[in-house]
J.: 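One structure, pasted below without further comment.
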Number of protein chains: 2
Amino acid sequence: MNLTDQQQKFIHTWGTLGTNWGINKTMAQIHALLLISEKPLSTEGMMEVLQISRGNTNMNVRALVEWGLASKEMISGDRKDFYSAKKDIWVIARQIAQQRRKRELEPVINALKELKKETPNDEQHKELLERVNDIEDFSIKVDSMLEKFVKSDENWFYKVLLKLV
Amino acid sequence: MNLTDQQQKFIHTWGTLGTNWGINKTMAQIHALLLISEKPLSTEGMMEVLQISRGNTNMNVRALVEWGLASKEMISGDRKDFYSAKKDIWVIARQIAQQRRKRELEPVINALKELKKETPNDEQHKELLERVNDIEDFSIKVDSMLEKFVKSDENWFYKVLLKLV
DNA sequence: TTTTATTTTCAGTAATTATTGAAAGTTTAG
DNA sequence: CTAAACTTTCAATAATTACTGAAAATAAAA
């Protein structure tokens, strides 16, 4: 299989986006490839197109499945596993928001909660406690918005936008 | 100068958060340090507390200033430069949203626009074009929300939340 | 101006993160 | 069951990213 310049550019752009936001480049690139692929792809297919190793492919496909962005497809008459990506941008965004919240936000919020418990309320910790409290308040609000986003349908977003006008 | 365990933990947590989201760990840690510091700090002060080199300190303080998260303070009777961070979590969030949008979102959106222009509208590029169009539509909407967020005051957020109930 | 204090830069190096590939594990067909 | 097809794991290695420290540049004081 061979990609056109445009397809390669899309994959490259998506990979860079991933890298900039702390996502493995290969994971983002496989995602991009699946996003523009009409049919499910096998590990071999991805390896060939992206010029990456079997191990790399396997690990990052697994990550995509764990993130709920791709899923295994059975193709009758073939023993290989095939994978395809969810294509609805709304579903994708929700899925990513949900996962990043769980992985890269919740642990921080919990650590700050812990921290607050064990911090004496003295002069030396005045600034720290103010900051932690502010961050907690803020994150509760953002979190509640994110939660609504994650559980929403596309409609929700339009409604919010309209109300903001 | 010496930090308590709690202060160190805060700095560590903030550094990890940065790393997970594609921000230099030291940059995030200096930010955290300034956030919980009552008075402006000199380069020496930060170097000592965080145990990092002059060069590293200098580069990351500059980055914080460029991001609009910290600013130089003149302290009379001292030739050194001192720095302090903005402490309002709302201002911080807006500043970060604005900067990340400019640095890590706009270039992607522009690349996709370019890509769309140069992609032939044929069978081979059907999926690609659908995806790019979807992403563009989506990002316009998110962008408009982000813009409102960036230009908003805290009040805006509460209003939105209330309307969502 | 010269000297001293301070900041900036950046080539070299260290630390971290990502990738490979072959061996071990698993599944399916015969 | 055995063999072949395929997938997974992970130690070794490569690639990337971050950090250091000393030299160069700049700014302030004498």
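Hydrogens, waters and symmetry mates play no part in the numbers below; they use all other heavy atoms, side chains included. Here the structure is a predicted model, which is why all the values come from computation and not from measurement. Chain letters run A, B, ... following the sequence lines, proteins first, then strands; residues in each count from 1.
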J.: What integer distance in Å separates Gln29(B):CD from dC19(D):P?
T.: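 After rounding, the reported distance stands at 8 Å.
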J.: Once you round it to whole Å, what is the distance between P of dT20(C) and CE of Met47(A)?
T.: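 Result: 9 Å.
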J.: Which nucleotide wins on minimum distance to the side chain of Lys25(A), given the candidates dT19(C), dC6(D), dT20(C)?
T.: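 Minimum distance to the Lys25(A) side chain belongs to dT19(C).
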J.: What nucleic acid atoms does Asn24(A) come within less than 4.0 Å of, heavy atoms only: base, sugar-phosphate, or nothing?
T.: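 Sugar-phosphate only.
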J.: Quick one: Arg54(B) CZ to dA25(D) C1', roughly how many Å, whole number?
T.: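 It is 14 Å, rounded to the nearest whole Å.
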J.: When you measure from the side-chain N and O atoms of Thr26(A) to the phosphate of dT19(C), is any distance below 4.0 Å, counting only OP1 and OP2?
T.: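 Yes, because at least one side-chain N or O of Thr26(A) sits under 4.0 Å from OP1 or OP2 of dT19(C).
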J.: Please determine whether the number of non-hydrogen atoms from other residues, nucleotides or ligands lying under 6.0 Å from atom CG of Asn2(A) exceeds 12.
T.: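 Count not over threshold, so no.
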J.: For dT7(C) and Asn58(B) - does any side-chain N or O of the residue sit under 4.0 Å from the phosphate oxygens OP1/OP2?
T.: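 Answer no for this pair, as no side-chain N or O of Asn58(B) is under 4.0 Å from OP1 or OP2.
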J.: Pick one: which of Val108(A), Leu112(A), Ile109(A), Ile140(A) meets side chain to side chain contact (heavy atoms under 4.5 Å, CB included) with Ile135(A)?
T.: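 Among the candidates, only Leu112(A) passes.
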J.: Rounding to an integer number of Å, can you tell me how far Met46(B) CE sits from dT7(C) P?
T.: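 Answer to the nearest Å: 10 Å.
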J.: Without decimals, in angstroms, what is the distance between Asn56(A) CG and dG21(C) P?
T.: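 It works out to 11 Å between those atoms.
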J.: Is a side-chain donor-acceptor pair under 3.5 Å present for Asn56(A) with Asn60(A)?
T.: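 There is such a pair (donor and acceptor under 3.5 Å, judged by atom type) between the side chains of Asn60(A) and Asn56(A).
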J.: With heavy atoms under 4.0 Å as the rule, sort Arg62(A) into base, sugar-phosphate or nothing.
T.: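 Answer is sugar-phosphate: Arg62(A) comes under 4.0 Å of backbone atoms only.
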J.: Does Arg131(B) make a cation-pi contact with Trp14(A), if we ask for NZ or CZ under 6.0 Å from the ring centre and within 45° of the axis?
T.: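 Cation-pi check for Arg131(B) and Trp14(A): fails.
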J.: Any cation-pi pair here, Arg100(B) with Trp21(A), using under 6.0 Å and within 45°?
T.: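 Cation-pi check for Arg100(B) and Trp21(A): passes.
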J.: To the nearest Å, how far apart are Ile52(B) CD1 and dT8(C) C1'?
T.: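 Result: 15 Å.
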J.: Would you mind reading off the distance between Met74(B) atom CE and dT7(C) atom P, rounded to a whole angstrom?
T.: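 Atom CE in Met74(B) sits about 9 Å away from atom P in dT7(C).
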J.: How many Å lie between CE on Met27(B) and P on dA18(D), as a whole number?
T.: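 Going from CE in Met27(B) over to P in dA18(D) covers 11 Å.
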J.: Quick one: on DNA chain D, does Arg79(A) or Met59(A) contact a more 5' nucleotide (nearest heavy atom)?
T.: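 Going by which nucleotide is closer to the 5' end, it is Arg79(A).
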